[in-house]
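So you know, we letter chains A, B, ... as the sequences are listed, proteins then strands, and number each from 1.
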Protein chains: 2
Amino acid sequence: MSSSETPAARRRPTHRKGRATLTRESVGRAALDLIGRRGPAELTMRSLAAELGVSPRALYNYVEDRRDLIGLAAELFEQDWHPPKLDPAPDRWRPSLRALCDELRAHYRRHPGMTTLALTEDVTMARHPTMLRNVDAIVGFLTALGLPPADAYRACVETIRLVVGFVEFHDALHDRPPAHLAPGELTETPPPWLRPEPGTDLPHLTRLADLPPTSQDEQFTFAVDLLVDGLAARVRPGGRARG
Amino acid sequence: MSSSETPAARRRPTHRKGRATLTRESVGRAALDLIGRRGPAELTMRSLAAELGVSPRALYNYVEDRRDLIGLAAELFEQDWHPPKLDPAPDRWRPSLRALCDELRAHYRRHPGMTTLALTEDVTMARHPTMLRNVDAIVGFLTALGLPPADAYRACVETIRLVVGFVEFHDALHDRPPAHLAPGELTETPPPWLRPEPGTDLPHLTRLADLPPTSQDEQFTFAVDLLVDGLAARVRPGGRARG
DNA sequence: ACCTGAACACCGTTCAAGT
DNA sequence: ACCTGAACACCGTTCAAGT
């Protein structure tokens, strides 16, 4: 009766009808989990509500609409990642950058298709303070290598785009092969459909067909190596920035 | 009455009820046009049927389903492009590669979101003979620079991914800004949401806020320059391939 | 052979009503 | 304050019937 009830009595109940109370964050987490487990196409207001044991209408008490839900999941997804330690010393920056790309790739691969989903739903990601800290750390690392600040920012953007593009365009197909494809049709690189018919005049593809295939990881390593060498040309004393 | 009717009489009618007769190709072209004009989200069986003046059911006489339709549009889209002339001479390969990237970017920009749509619908692109010829030409160009065949193929893949990733993740947002965004919110690079609050400890982003913004084209040029320099490190006599 | 119209099972979202 | 159930306007796809 007094104005000083116990804090517990003031707090919102944590359960309701045997079910954990929904919150904006728990709804977003559930969406992110569902995307990771079943893929982005399976995220519907109705399927998420069913997993949470509520009616679809109940979700609208915590998110404005589906776009808001996807944006929320994307934000939580970004909060879950921090860049590894980055060392700009002349003999350490290359392995640092490679480790950064490897860890970023592993993170995005845990939710393949997430970025593409945000893109198609016009969701703008990356407003969270965590993301600001991450970008600041990477830009600082690239600046310490000797890049002008504007180029350090540009290189940061390209590094992230390289990884995200690789995961969304390459890993996503290999990690979750579409049901309609024959097993080996995408695991091989180059894929079988790039193997020319005998007799066609495609000399370089013909020669390629006899080489051992490139694995996903080899292709990724090649992409990161290209980036590292491109940056090295701007970092090395006497390196030329433009051709 | 004779068995030698005129060829015109044997041919399928080109019109029906005042409307051009549908064909698989004309349906695919209409889909590609609709995507370019109104964006990928606006492509539905019903909207396409309405534009063609038929019922939605009629489309199923020419395509198996929506995935098949999108694959068909993607195939026609690829047929519309051919790489420019590529000159591997030591003083010409850099401008050649830059021109290739510029033209590929311009092509993909004509149908922003097309690649992402194909991706989310599990459509595998690029089986058409035209695409084989294009890839063969690019791999041949990179081989002539001095890259081993396996690396030439890998570099070809990364070049295309760089351009497609840039168009889908960067140009798409600038060229068709989502309705819910304030005008300057995406045209500026770095975007306003990367500008830290005063007093926060993000020194590199803080410094960046005072620099003139990077235009889309400058960012693209930077990305291509990185690629060119990365390749140069593998092409130059004495260039090191790995760090 | 090719089309239409009605129908089915989905989807996001909203309304009116419950507790 | 938070929920449910019914409803609306969409969607892809299919069925039965027309010409």
If I take atom [atom1] in residue [X] and atom [atom2] in nucleotide [N], what distance separates them, rounded to the nearest angstrom?
X        : N      : atom1 : atom2 : answer
A/Leu52  : D/dC2  : CG    : C1'   : 15 Å
B/Glu64  : D/dT14 : CD    : C1'   : 15 Å
B/Glu42  : D/dC11 : CD    : C1'   : 13 Å
A/Arg66  : C/dT13 : CZ    : P     : 8 Å
A/Met45  : C/dT13 : CE    : P     : 6 Å
A/Leu59  : C/dC11 : CG    : P     : 13 Å
A/Asp122 : C/dG12 : CG    : C1'   : 16 Å
B/Leu48  : D/dT13 : CG    : P     : 13 Å

Test of understanding: with salt bridge (Lys or Arg N to Asp or Glu O under 4.0 Å), list the residues that count as partners of B/Asp102, not counting sequence neighbours. none

By the Watson-Crick or G-U definition, both distances under 3.5 Å, D/dC10 is matched with none

Under a 3.5 Å cut-off for both distances, is D/dC15 Watson-Crick or wobble paired, and to whom? C/dG5

Looking at D/dG5, does its base get a donor-acceptor pair with the side chain of A/Arg57 below 3.5 Å? no

Check every strand shown and say whether B/Ser55 touches a base, only sugar-phosphate, or nothing at a heavy-atom separation below 4.0 Å. base

Just by distance, no angles: are the side chains of B/Thr214 and B/Gln219 close enough, under 3.5 Å, to form a donor-acceptor pair? no

Contacts of A/Arg67 and B/Asn61 projected onto DNA chain C by closest heavy atom; the upstream (5') one is B/Asn61

State whether B/Phe220 and B/Arg105 meet the cation-pi test: NZ (Lys) or CZ (Arg) under 6.0 Å from the six-membered ring centroid, and within 45° of the perpendicular axis. yes

Closest to the A/Tyr60 side chain, choosing from D/dG12, D/dC2, C/dT14: C/dT14

In terms of the angle between their ring planes, are B/Tyr108 and B/Phe77 parallel, tilted or perpendicular, with boundaries placed at 30° and 60°? perpendicular

Is it the case that the side chain of B/Thr159 and the backbone of B/Ala155 share a donor-acceptor pair, with hydrogens and angles ignored and the cut-off at 3.5 Å? yes

Closest-nucleotide 5' rank along DNA chain D - winner of B/Pro56 and A/Val54: A/Val54

Verify the contact: side-chain N or O of A/Tyr62 to OP1 or OP2 of D/dC3, cut-off strictly under 4.0 Å; return yes or no. yes

